[in-house]
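Have a look at the structure below, then the notes.
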Amino acid sequence: MPEIQKSQRQKIVIVNTGCANISSVRFALERLGVTVEVSDDKDVITRADKVFLPGVGTAAAAMASITQKDLSSTLQSLTQPVLGVCLGMQLMVESSAEGSLENRLGDTQDDIPCLSLMPGRVARMEANGLRLPHMGWNTVSHNDDTLFKGIPQDTYFYFVHSFAVPEYAHTLASCNYGNPFSAAINKDNFFGVQFHPERSSDAGAQLLTNFVNL
Amino acid sequence: MLAKRIIPCLDVRDGKVVKGVQFRNHEIIGDIVPLAEQYAKAGADELVFYDITASSDERVVDKSWVSRIAQVIDIPFCVAGGIKSIEDAGRILEMGADKISINSPALNNPALINAMHDVYGQQCVVIGVDSFYNDATGQYEVYKFTGDENRTQKSQWQTLDWIKEVQSRGAGEIVLNCMNQDGVRKGYDIAQLSAVREVCEVPLIASGGAGEISHFNDVFQQADVDGALAASVFHKGILNIDDLKADLTANGVPMRKRHALPNAQGIKP
């Protein structure tokens, strides 16, 4: 398998945000035959060919962990392809309304500042009466030949979230749950997906493959 | 459109998948990892693993199988059983589980729900509720320690009150195990699930009673649940997931389609 030997020369790093789902992203990449390193070392992250920014939980907890590890400026200075997954995607924009329990029903608290890798704001989903969290398999539409190469329109991906980035200039793919929202976003070398490719069966594996191939 | 979910449930005891009838007389079905892999390949939308011994016998339980499952399957899965603290939950999530389901520990310490919400987020907080219809009083009652028939006991909660309570504390999903129906394959408890649906604003998963395809149609169409969990019909090969989904789709219940990827590419050389 010469492909795998070659791909193993790529240095793929998962940023250790201190959040969960790091293992599931790592296992998904290993199933593709690539080797990965989980790290919070600035030099290791900076020298990587591809960087994954995973995350589940709340933006407040994740940003606190990133700040405590002093990783914000490192992440902001990356020029290689970076893929944020779920909460990791939400951390890529300017701010998030997702804080503590008191904030579940409205944006009454101040936003949590995020990494500002691209414009945008994470808001509680306006699901138009549908139940939250948005949990399960939903269809994604896209007009993209990078991350979604070879993935048909309206393919199902697995989502679990109550907050989202609305559709806007940096939307790469969309999903609809009561209202449309960004299923994927992109600016320059920064890509983010709201769904979990590591838990989205064959389509998710293809998306991860496409990212590694960028 | 968001698909309704078909969720095989694997009860785990001492590292093996087991199945009992009305929570008793457990028989071994097989090893966890190959069964998990088999269900993922067969079209399951999600899997739930209940460590049914953990809460009731208070020992430290080896959960290394969580990591072995996470390595092989590419669909989400939830782990339940014996998770009593946010540290316990953190370890399971780090091993690769997507969601944590708590049942008896939430009844003993409801503040655990708030803590899990605040640390890991609402999306991974699943509350399992074992609910029994008391024919004498006409009430739905919440039970705990149902993994061990010698320790099973009624809690002080009535089911609908408990459902409201766990939501106010940050639950992200509720799995309602209707105990009267468990393992008897006579159909889901539509009346009870409909009553719970009325007060449940987060995703609701039906559990207990699945025996044939029509039971799944009934529960999705009459009780408006978000997912249907079942064990023995899948373990015993009574239902095939593809056949089940084809029938549900034909009846207008939205199901996930599995896509062919005609232009699939591997990692580039």
Side-chain angles (χ1 to χ4, degrees), chain A residues 2-7 10 19-24 26-28 30-34 56-58 60-61 86-87 98 100-101 104 130-139 149-152 154-156 158-162 176-177 196 198-206 209-210 212-213, chain B residues 1-5 40-41 43 45-46 66-67 69-77 89-90 92-100 114 117-125 168-170 172-173 200-204 226-227 254-269:
Chain A
E3 308 181 337
I4 289 171
Q5 283 171 15
K6 173 76 179 186
S7 68
Q10 272 207 57
C19 295
N21 97 326
I22 288 170
S23 298
S24 46
R26 176 163 65 88
F27 293 146
E30 288 173 352
R31 284 195 295 272
L32 300 176
V34 299
V56 296
T58 63
C86 196
L87 177 64
E98 186 176 26
S100 65
L101 184 62
R104 279 200 301 141
L130 299 179
R131 290 182 279 270
L132 291 176
H134 173 223
M135 191 182 288
W137 298 79
N138 206 338
T139 50
K149 186 176 186 181
I151 296 173
D154 299 322
T155 293
Y156 282 89
Y158 184 74
F159 291 84
V160 189
H161 61 122
S162 299
N176 195 309
Y177 188 66
H196 287 270
E198 76 278 16
R199 286 283 176 260
S200 290
S201 197
D202 295 344
Q206 184 62 52
T209 299
N210 292 343
V212 172
N213 285 342
Chain B
M1 182 185 276
L2 182 66
K4 300 286 189 183
R5 287 173 273 156
K41 289 201 171 101
D45 296 309
E46 188 170 326
V66 175
S67 190
I69 291 163
Q71 285 172 37
V72 300
I73 71 167
D74 57 6
I75 58 170
F77 71 99
I92 301 291
L93 292 169
E94 278 161 26
M95 283 194 271
D98 300 279
K99 297 190 252 187
I100 297 294
N114 306 63
H117 170 280
D118 288 351
V119 177
Y120 301 113
Q122 185 190 15
Q123 80 294 327
C124 74
V125 184
S168 75
R169 292 177 176 274
E173 180 166 84
C200 182
E201 295 165 359
V202 297
L204 175 65
D226 298 280
M255 287 281 126
R256 167 172 73 110
K257 269 192 308 193
R258 285 192 286 167
H259 303 270
L261 296 171
N263 302 313
Q265 291 193 338
I267 301 287
K268 270 186 199 164

Open item on the list: Any non-hydrogen side-chain atom of Ile267(B) less than 4.5 Å from a side-chain atom of Asn213(A)?
Closed with: yes

- [ ] Flag the pair Cys124(B) / Leu93(B) as yes when at least one side-chain heavy-atom distance between them is below 4.5 Å, and no otherwise.
- [x] yes

[X] versus chain A, heavy atoms under 4.5 Å apart: side chain, backbone, both or neither?
| X | value |
| --- | --- |
| Glu201(B) | backbone |
| Arg256(B) | both |
| Val125(B) | neither |

Task: All side-chain contact (heavy atoms from CB on, under 4.5 Å) counterparts of Leu2(B), not counting sequence neighbours - done: His134(A), Asn138(A), Tyr177(A)

TODO: Specify which of Val119(B), Ile75(B), Ile92(B) makes the most heavy-atom pairs with chain A at under 4.5 Å.
DONE: Ile75(B)

Task: Among the listed options Gly121(B), Gly96(B), Pro76(B), the residue most often paired with chain A at heavy-atom distances under 4.5 Å - done: Pro76(B)

Could you look at [X] and say if it's the side chain, the backbone, both or neither that has a heavy atom under 4.5 Å from chain B?
| X | value |
| --- | --- |
| Asp154(A) | backbone |
| Ser200(A) | backbone |
| Asn176(A) | neither |
| Tyr156(A) | both |

Task: Residues in side-chain hydrogen bond (donor to acceptor under 3.5 Å, both in side chains) contact with Arg131(A), at least two apart in sequence or another chain - done: Asp224(B), Asp226(B)

Task: N-O pairing of Arg199(A) and Asp98(B) below 4.0 Å - done: yes

- [ ] Please report the shortest heavy-atom distance between Met255(B) and Lys4(B), naming the atom on each side.
- [x] CE-O, 3.5 Å

- [ ] For Cys200(B) and Leu204(B), work out which heavy atoms get closest and say how close.
- [x] SG-CB, 4.0 Å

